[in-house]
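Please read these numbers as outputs of a predicted model, since none were measured by experiment. Chain letters run A, B, ... following the sequence lines, proteins first, then strands; residues in each count from 1.
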Number of protein chains: 4
Amino acid sequence: MGETVENARRSIGARRNPDSADAIREAAEAVLLEKGYAGFSIEAVARRARAGKPTIYRWWPSKAALLLDVYQRQKRDIDYGGTDSVEEDMFRFLRSLFVQWRETPAGDIFRSLIAEAQSDPTAAAALADYARERREHRARIIERGIARGEVRSDVDPMLVADLLASYAWTHLITGRLDESDEAIRAAARLIARGIVV
Amino acid sequence: MGETVENARRSIGARRNPDSADAIREAAEAVLLEKGYAGFSIEAVARRARAGKPTIYRWWPSKAALLLDVYQRQKRDIDYGGTDSVEEDMFRFLRSLFVQWRETPAGDIFRSLIAEAQSDPTAAAALADYARERREHRARIIERGIARGEVRSDVDPMLVADLLASYAWTHLITGRLDESDEAIRAAARLIARGIVV
Amino acid sequence: MGETVENARRSIGARRNPDSADAIREAAEAVLLEKGYAGFSIEAVARRARAGKPTIYRWWPSKAALLLDVYQRQKRDIDYGGTDSVEEDMFRFLRSLFVQWRETPAGDIFRSLIAEAQSDPTAAAALADYARERREHRARIIERGIARGEVRSDVDPMLVADLLASYAWTHLITGRLDESDEAIRAAARLIARGIVV
Amino acid sequence: MGETVENARRSIGARRNPDSADAIREAAEAVLLEKGYAGFSIEAVARRARAGKPTIYRWWPSKAALLLDVYQRQKRDIDYGGTDSVEEDMFRFLRSLFVQWRETPAGDIFRSLIAEAQSDPTAAAALADYARERREHRARIIERGIARGEVRSDVDPMLVADLLASYAWTHLITGRLDESDEAIRAAARLIARGIVV
DNA sequence: ACCTAAGCGAGACGGTACGTCTCGTCTTGCG
DNA sequence: CGCAAGACGAGACGTACCGTCTCGCTTAGGT
């Protein structure tokens with residue numbers, strides 16, 4: 001999986017060199033991990049990847065684009081439950097997300113992306129798109145609940161997805177990913193109570 | 001309110017000059033408003049306030065400290081309800097916060113503070129402190145509900161406050177402060193249903 | 001000679017841009033001339049040259065290096081005589097140096113360099129090197145005198161060169177470059193008498 | 001003599017407090033010794049002396065004034081010979097000066113004063129005055145030589161004094177105070193040969 | 001015995017410069 | 001034409017001093 005380039009990468013002609021792109025993504029992730037968002041600069045990534053800065057700018061127009069790319073590359077599947085209980089499904093989703101953010105670089109990367117989005121409109125747009133897509137995806141938990149008659153039919157699945165994500169995001173950006181399973185379950189239960197028939 | 005200094009501010013002896021402090025706070029707010037978080041630098045604030053950089057660093061150890069100061073100075077009271085319905089109280093709190101963030105500089109300032117906290121640990125600590133204090137304050141809505149028997153006594157008021165704040169924060173940082181009253185009420189109702197007896 | 005850059009200088013690739021180097025040298029000289037050593041700062045030079053500070057630091061590690069460069073760029077040839085009389089050769093050397101220091105920026109630049117060397121060890125080293133090289137060069141006047149039998153063979157040419165330079169330097173740093181030809185010749189004659197056979 | 005102030009110095013009424021003046025002079029000397037000219041700032045002296053900056057500015061209008069004061073306070077007598085040989089007298093003077101500059105703070109202080117004089121006109125004037133006075137003093141060595149018939153009567157004593165001082169100053173400012181007695185004697189002999197009958 | 005005047009330590013003030021960092025752009029020379 | 005390399009103008013970073021200011025205190029000398 002694209003281990004560190006040893007001697008030197010060169011151009012492979014008039015087209016994008018996938019090795020370079022990978023090296024840059026890996027370097028970005030490594031820098032983010034080691035130095036955090038504060039030390040995450042295009043300079044640092046280029047140095048680390050032994051890549052020229054223009055090569056980065058050529059393919060990722062902004063820091064945000066690189067962050068998003070790295071985040072999606074890094075992200076693994078989330079447990080969306082699939083039990084016959086919305087509470088259980090929501091609990092598993094939240095716990096799974098908390099674990100992933102806590103134990104892989106994904107959390108730091110996503111925090112960086114959120115930070116970047118507060119000043120860079122393109123990052124903001126990308127983040128908004130991504131968030132909507134994820135909400136839609138998570139909304140299926142509720143839709144399934146409605147379908148099997150567990151959840152009231154007048155509940156807006158997107159609103160519930162929004163509440164779930166909000167809870168997770170806010171814990172991420174305030175450094176509270178260390179919530180216990182009980183605490184997470186309590187949140188899931190509270191929301192579940194609000195929506196079951 | 002913050003009239004332009006005419007000739008020049010000077011030292012007023014071996015103690016802090018409140019005029020300078022005010023001028024700096026005002027300049028910080030103005031820069032943030034005009035240039036956004038991306039253009040918010042100590043240099044820019046100093047230039048705008050006609051203050052020396054060391055004067056800023058003397059009293060605000062970091063950009064975060066200045067941001068927080070400006071935010072608290074800017075913040076006005078929030079409607080915490082006080083009706084005999086937790087749903088109504090929560091709705092009023094959320095709507096009032098959305099309005100304030102949308103229609104005053106407070107929203108942009110708080111977004112900046114959140115962004116800053118993702119890279120600056122002191123900002124993160126300050127933000128966490130502030131958030132906890134606010135949560136405790138908002139939890140009273142629920143405590144009142146429990147006291148009058150409207151809310152189940154096994155509900156954790158801090159968890160509810162957390163959910164409320166999460167909803168608001170996430171809408172702030174994803175640029176969705178334009179939710180309709182109906183949407184906000186739907187969120188409040190959902191949570192309320194989950195906690196009433 | 002040093003026309004003003006019109007639109008903007010740019011990078012010309014991964015190598016030094018001679019235009020920038022020249023612009024910086026010219027700006028340094030101009031600043032030194034107009035503001036004197038007290039007003040000679042890297043900031044001021046960068047401003048004047050419309051160059052970034054890092055560009056200056058990249059090529060001149062210290063103020064001293066820039067000063068020395070400017071001095072050598074500015075310096076023109078000195079009359080080292082070449083007559084058949086050491087007295088006449090020494091006189092011409094001294095007079096030529098006094099004239100140059102008095103009538104061109106070289107004098108002020110060299111004074112600055114001496115001042116800088118009193119606090120900056122790298123400047124001190126550079127100045128010591130330069131001084132030694134110049135002494136060796138000037139010592140040839142005496143060596144020629146020894147060769148043609150005019151000067152005693154037990155005279156150390158470097159000592160004589162040292163005395164000559166000392167006389168000039170001291171007059172420079174105490175603002176006594178306005179010595180008459182007679183005064184300069186008297187000094188040359190005194191030293192000559194001490195060394196002829 | 002002027003031991004470290006223990007508790008605090010205070011005003012002693014509407015007149016200069018000699019204790020403060022002494023403490024400042026001592027602090028100036030100590031700072032110069034420990035940090036060198038580069039670290040010699042009014043701030044540093046004030047800190048060291050536990051004095052207010054205005055107290056320093058009140059009595060010494062410039063860094064140069066303080067330096068000169070400290071130099072004169074520090075300076076001890078020089079051996080002006082008094083033998084019946086100008087060469088011996090000049091040698092003793094030079095050696096004595098080299099030793100003093102090398103082994104006491106005087107050398108560093110004087111270097112600083114010379115540096116300061118290159119940018120500060122008041123320092124330059126003070127230095128020029130001081131130098132002239134010292135030259136006149138040293139010229140007596142030659143005058144005595146003329147009086148006893150050892151030195152040619154057409155020799156200008158001030159020129160000889162100038163050459164002597166120049167040799168010493170230049171060695172001071174180029175860090176060559178470590179000349180051997182032989183080297184110093186060679187210089188004295190060369191000049192002596194040029195002036196004896 | 002009171003009052004004024006000036007010196008004192010202290011330290012904040014508006015500034016300028018420091019030397020370093022990163023930004024995003026540019027151009028080269030190789031492949 | 002892509003690539004590594006790295007220089008470029010720009011400008012922010014946080015720190016050190018600059019020289020000035022005002023404070024609250026102390027003391028001496030004139031009233």
Side-chain angles (χ1 to χ4, degrees), chain A residues 5 8-17 19-20 39-44 46-47 49-59 61-63, chain B residues 8-17 19-21 39-44 46-47 49-59 61-63, chain C residues 8-17 19-21 39-44 46-47 49-59 61-63, chain D residues 5 8-17 19-20 39-44 46-47 49-59 61-63:
Chain A
V5 175
R9 262 185 334 272
R10 290 288 186 174
S11 169
I12 56 170
R15 65 189 204 280
R16 184 173 190 174
N17 185 340
D19 286 352
S20 287
F40 181 75
S41 65
I42 298 288
E43 296 261 352
R47 254 196 316 270
R50 297 194 61 76
K53 282 198 288 173
T55 303
I56 300 184
Y57 283 109
R58 197 167 2 250
W59 302 111
S62 68
K63 211 181 330 197
Chain B
R9 273 188 320 274
R10 295 276 191 178
S11 168
I12 56 167
R15 65 193 205 284
R16 187 173 192 174
N17 185 340
D19 288 351
S20 287
F40 181 75
S41 66
I42 299 287
E43 294 259 355
R47 255 195 314 269
R50 299 195 60 79
K53 279 199 289 174
T55 302
I56 301 184
Y57 283 107
R58 192 157 18 238
W59 303 113
S62 66
K63 216 191 298 212
Chain C
R9 271 186 324 275
R10 293 280 188 176
S11 167
I12 55 167
R15 65 193 208 283
R16 187 173 193 175
N17 185 340
D19 287 350
S20 286
F40 181 75
S41 67
I42 298 289
E43 295 261 352
R47 256 196 312 269
R50 297 195 60 78
K53 280 200 287 174
T55 302
I56 301 184
Y57 283 109
R58 191 159 18 240
W59 302 113
S62 67
K63 214 186 312 205
Chain D
V5 174
R9 266 184 331 272
R10 291 285 189 175
S11 168
I12 55 168
R15 66 193 207 283
R16 185 174 193 174
N17 184 341
D19 287 351
S20 286
F40 181 76
S41 66
I42 298 288
E43 294 261 354
R47 254 195 316 268
R50 298 193 61 78
K53 282 197 288 173
T55 304
I56 300 184
Y57 283 108
R58 196 167 4 247
W59 302 113
S62 68
K63 212 187 311 205

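In this structure, of E:dG14, E:dT22, F:dA12, it is E:dT22 that holds the atom nearest to the side chain of A:Ser41. Proximity note for A:Arg58 (side chain, C-beta onward) versus E:dG19, F:dC18, F:dG2: the nearest is F:dG2. Nearest to the side chain of A:Pro54, among E:dC26, F:dC17, F:dC18, sits E:dC26. Considering only side-chain atoms of A:Thr55, the nucleotide from E:dT20, F:dA4, F:dC18 that sits closest is F:dA4. In this structure, the nucleotide among E:dG15, E:dG14, F:dT26 sitting nearest to the side chain of B:Arg9 is E:dG14. Taking every side-chain heavy atom of D:Tyr57 into account, F:dT20 is the closest of E:dC13, F:dT20, F:dC21.
Atom CZ of B:Arg15 is separated from atom C1' of E:dA12 by 10 Å (rounded to the nearest Å). In this structure, the CD1 atom of D:Ile12 is 10 Å from the P atom of F:dT27, given to the nearest Å. At whole-Å resolution of the value, CD1 in B:Ile56 and P in F:dC13 are 9 Å apart. The CD1-P distance, from C:Ile42 to F:dG9, rounds to 14 Å in whole Å. F:dA16 atom C1' lies 12 Å from atom NZ of D:Lys63, rounded to whole Å. Following rounding to the nearest Å, C:Glu43 (CD) and F:dA12 (P) show an atom-to-atom distance of 12 Å. Separating the CG atom of C:Asp19 from the P atom of F:dA7 is a distance of 16 Å, rounded to the nearest angstrom. The CZ-P distance, from D:Phe40 to F:dC17, rounds to 12 Å in whole Å.
Between A:Ala46 and A:Gly52 the shortest heavy-atom distance is CB-C, 4.5 Å. C:Gly39 and C:Ala44 make their closest contact through O-CB, 4.1 Å (heavy atoms, listed as atom of the first residue, atom of the second, distance).
With hydrogens and angles ignored, no donor-acceptor pair under 3.5 angstrom links the side chain of B:Lys53 to the base of E:dG15.
Contact annotation: D:Ser20 reaches the phosphate of E:dG9 (side-chain N/O to OP1 or OP2, under 4.0 Å). Taking side-chain N and O atoms only, A:Arg47 has a distance below 4.0 Å to OP1 or OP2 of E:dT22.
Mapping B:Arg10 and C:Trp59 onto DNA chain F by nearest heavy atom places C:Trp59 at the nucleotide closer to the 5' end. In terms of position on DNA chain F, the residue among D:Ser11 and D:Gly39 whose nearest nucleotide sits closer to the 5' end is D:Gly39.
Counting only distance, with no hydrogens or angles, the side chain of B:Arg50 and the backbone of B:Arg9 share no donor-acceptor pair below 3.5 Å. Side-chain N or O atoms of C:Arg58 include none that pairs as donor or acceptor with a backbone N or O of C:Arg16 at under 3.5 Å.
Inter-residue side-chain proximity for B:Ile56 and B:Lys53 is flagged as unmet; no heavy-atom pair is nearer than 4.5 Å.
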